[in-house]
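Reviewing the structure listed below.
Naming: A, B, ... by sequence-line order, numbering from 1 per chain.
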Amino acid sequence: METYKLTVNGQQKEVTVDPGTPLLWVLREDLKMTGTKYGCGIAACGACTVHVAGIATRSCVVPVSLVGDRPIVTIEGIAQDPVGRAVQDAWVSADVVQCGYCQSGQIMGAVALLKSTQKPTDTNIEESMGGNICRCGTYVRIRQAIKSASQQLNSGGAA
Amino acid sequence: MTAATNFANGLSISRRRFLGVSATAAGGLIVSLYLNLPLAAQEAGQAKPRVYPPDAFVHIKPDGKIVIQVNRLEFGQGVQTSLPMILADEMDADWSQIEAELAPAADVYKDPLYGIQMVGGSGSIAHSFQQYRELGAKTRAMLVAAAAEQWKVPASQCRTEASVVHGPAGRSAKYADLADAAAHMPVPETAPLKKPADFRLIGKKVRRLDSRPKCDGSLKFGLDLDLPGMKVALVARPPIFGASPRSVDDKAARSVPGVADIFEIPSVSRGTAVAVVADKFWTAKQARDRLQIDWDLSKVEGADSSQLREKYRQLARTPGNCCHRSR
Amino acid sequence: MFSYRVILRVFFIILVAGAGWSTLSPGASGQSMSQKETAVPATREAGLAAWQQVYSVLTHPRCISCHTATNYPQQGDDRHRHLFNVVRGPGDKGVPGLNCATCHQGANADSTGVPGAHDWHLAPLSMKWQDINDKILSSPEICRSLTDRSKNHIPDGLLKHHQVEPLVLWAFQPGRSRDGTARALPPLTHDEFVAATRAWVEAGTPCPKNP
């Protein structure tokens with residue numbers, strides 16, 4: 001067992017866990033933040049996506065011992081970011097979700113895309129979001145919502 | 001006409017015709033569950049309607065918010081929004097103040113047709129449409145009755161709109177302010193339902209009640225529940241249906257700190273699996289992965305593709321069950 | 001595989017001896033080229049032999065899986081296409097939302113079976129060592145690629161690259177897979193690889209002719 005100081009959504013957290021514990025389980029069980037989901041445990045589905053130092057990261061395969069002092073942002077904190085808010089609003093307007101289980105990861109992936117590529121093309125969307133899978137098949141509305149969030153952000157209007 | 005609309009219109013359905021409709025409806029689920037219907041629903045002729053108390057389904061809060069209990073699990077099919085819509089429409093409630101909750105386990109939330117609390121068989125709207133309309137209509141009637149009594153006017157001179165009762169001579173009262181008095185009114189046996197032309201929510205696009213919580217991580221799924229004293233279990237499953245452990249070496253597994261217990265449990269096709277119980281997922285996973293299991297495959301089905309194909313060929317030569325004969 | 005390593009090691013030892021009394025010794029990495037004043041100039045044959053050693057490492061799965069000609073890396077000892085729809089991206093580091101760093105951290109994650117090293121990314125297309133059908137290129141082809149200054153940005157720093165580049169070092173300490181098994185190692189140790197590189201460079205980086 002080791003003690004780690006983590007920065008999560010701008011707050012300092014301290015946990016004492018087995019060093020090999022994936023960040024996902026530290027978030028969900030030790031910090032009781034269940035917004036980040038467990039879908040596969042092998043980085044295949046994207047439901048566990050968080051941001052670490054601004055990079056979309058699959059928390060189910062990253063041991064907490066490798067995080068260091070890099071800041072972590074989860075779905076619970078993404079609304080603090082204007083891009084995050086725009087994406088969430090677009091998701092609601094477009095009625096993207098069905099069961100919703102994959103959507104935390106989809107939103108975190110979409111935010112990473114839009115923060116890096118202001119006007120993503122269809123190819124950009126397919127490549128960046130192609131690793132986030134949705135059993136309900138909401139892909140068409142995800143694409144629409146990313147485009148409308150992009151328009152909203154680029155029109156100069158804040159959320 | 002489907003069984004649902006017949007039921008909603010209060011027409012009596014002969015048992016044979018109901019059976020006929022059920023057999024062609026979506027899914028074998030309906031057909032098989034029909035056999036388990038409570039006696040009341042199986043009586044020849046009219047089904048006996050069940051009385052549903054509005055206060056088990058609608059809670060009007062002092063601040064105006066209205067919480068509606070949904071008797072089905074929302075998993076993306078939309079009932080979290082559609083069932084409250086139906087109730088709120090008949091109730092003339094302000095949609096912006098509506099919240100929906102998954103109903104707790106209780107008798108009153110059972111599916112009216114199947115008699116068990118469940119979701120499936122495409123039955124949510126089919127079986128609860130009439131039910132939620134009546135709940136909304138009765139709640140509205142009780143609110144109107146409360147206002148009429150306070151104002152000493154006939155109920156027929158009152159109308160409702162967006163969570164407000166309007167009376168003669170410009171009187172009005174919010175539902176939130178009438179809620180207490182309404183709760184003490186007798187629940188009417190029947191209440192008039194709207195004509196479909198008067199629907200304000202049903203058939204229209206409304207704000208969904210589940211979207212936002214699914215987009216901000218606040219909605220709890222099954223895996224997210226955290227109950228006092230809760231443990232986590234992972235299961236080492238047989239590699240083939242019906243297999244069982246010949247031997248289990250759990251020494252390495254038990255050496256993982258935090259493992260509570262390891263034991264065998266039944267698995268599908270009369271097989272046996274091995275469960276690991278711990279306080280945390282990662283503990284259980286490490287222990288489960290360290291189990292050394294020697295699987296006994298002697299009792300597995302041993303399906304053989306060529307044998308199965310031959311069986312299907314033979315079956316294809318025999319007459320099957322008639323599902324539908326077009327005229 | 002084991003016996004191949006033995007053969008290579010024996011050959012290597014003979015090579016070193018044959019190249020004269022070079023200052024090379026096992027475990028001596030990081031010796032600069034300025035110490036070669038005591039070495040006998042390497043023959044073209046010795047250089048080609050050293051090149052074959054280098055080639056044997058470059059074409060091992062731990063190295064070649066990121067030196068692809070396609071828009072995807074490979075993984076596993078069978079070098080299958082990397083799963084989960086990962087792509088090269090414009091900077092060889094994946095795409096936003098699906099970077100290499102999305103999963104690969106600065107060190108091996110043995111508890112989850114994900115390899116890692118500082119700045120995990122694909123080699124540029126100029127350093128592809130396979131064709132677009134994932135077939136490994138021949139020894140002459142890869143040798144030409146490494147020595148082609150219009151393609152290789154680091155021909156002068158090749159020795160240093162082999163000595164200190166984190167992703168190169170990773171290949172010799174590649175961590176464990178998800179089921180706990182250690183990943184297969186290249187046929188030489190890192191020290192041997194560096195020594196072979198040095199010997200090849202000192203011989204003037206000769207390339208074998210096409211057969």
Could you name the residues of residues 28-37 of chain A that have a heavy atom within less than 4.5 Å of a heavy atom in chain B?
A/R28, A/E29, A/D30, A/K32, A/T34, A/G35, A/K37
Side chain to side chain, A/V17 and B/K280, heavy atoms closer than 4.5 Å
yes
If the contact rule is any heavy atom under 4.5 Å from chain A, which residues of residues 219-231 of chain B qualify, in numerical order?
B/L219, B/K220, B/F221, B/L223, B/D224, B/D226
Using a 4.5 Å cut-off on heavy atoms from C-beta on, say whether the side chain of A/W91 contacts that of B/S211.
no
Does atom CZ of A/R135 have more than 12 heavy-atom neighbours, drawn from other residues, nucleotides or ligands, at distances under 6.0 Å?
no
Mind listing the closest non-hydrogen atom pair of A/I75 and B/C215 along with its distance?
CD1-O, 3.4 Å
Residue by residue, which of residues 82-102 of chain B have a heavy atom closer than 4.5 Å to a heavy atom belonging to chain A?
none
Hey, does B/Q286 have a side-chain heavy atom less than 4.5 Å from the side chain of A/D18?
yes
Those residues of residues 71-81 of chain B, ordered by number, that approach chain A below 4.5 Å (heavy atom to heavy atom)
B/F75, B/G76
Quick one: of A/S93, A/A79, A/G20, who has the most non-hydrogen atom pairs under 4.5 Å with chain B?
A/G20
Is atom CZ of B/R237 surrounded by more than 12 heavy atoms (other residues, nucleotides or ligands) closer than 6.0 Å?
no
From CA spacing to verdict: salt bridge (charged side-chain N to carboxylate O under 4.0 Å, His left out), A/D89, B/R212
CA-CA 8 Å; A/D89 289 347; B/R212 184 63 66 172; 2.9 Å; yes
Test side chain to side chain contact (heavy atoms under 4.5 Å, CB included) on A/E76 and B/D216 and set out the steps.
CA-CA 6 Å; A/E76 290 96 338; B/D216 61 16; over 6 Å; no
Would you indicate whether B/D294, at its atom CG, is surrounded by more than 12 heavy atoms from other residues, nucleotides or ligands within a distance under 6.0 Å?
yes
A/S104 and B/G217: which non-hydrogen atoms are nearest, and at how many Å?
OG-CA, 4.3 Å
For the pair B/K214 (side chain) and A/Q98 (backbone), establish whether a donor and an acceptor sit closer than 3.5 Å, ignoring hydrogens and angles.
yes
Would you indicate whether A/Y139, at its atom OH, is surrounded by more than 12 heavy atoms from other residues, nucleotides or ligands within a distance under 6.0 Å?
yes
Kindly say whether A/V97 contributes a backbone atom to a donor-acceptor pair with the side chain of B/R208 at under 3.5 angstrom?
yes
B/F281 side, atom CZ; A/W25 side, atom CH2 - distance, nearest 0.5 Å:
4.5 Å
Please indicate whether B/K251 has more than 12 foreign heavy atoms, meaning atoms of other residues, nucleotides or ligands, lying under 6.0 Å from its NZ.
no
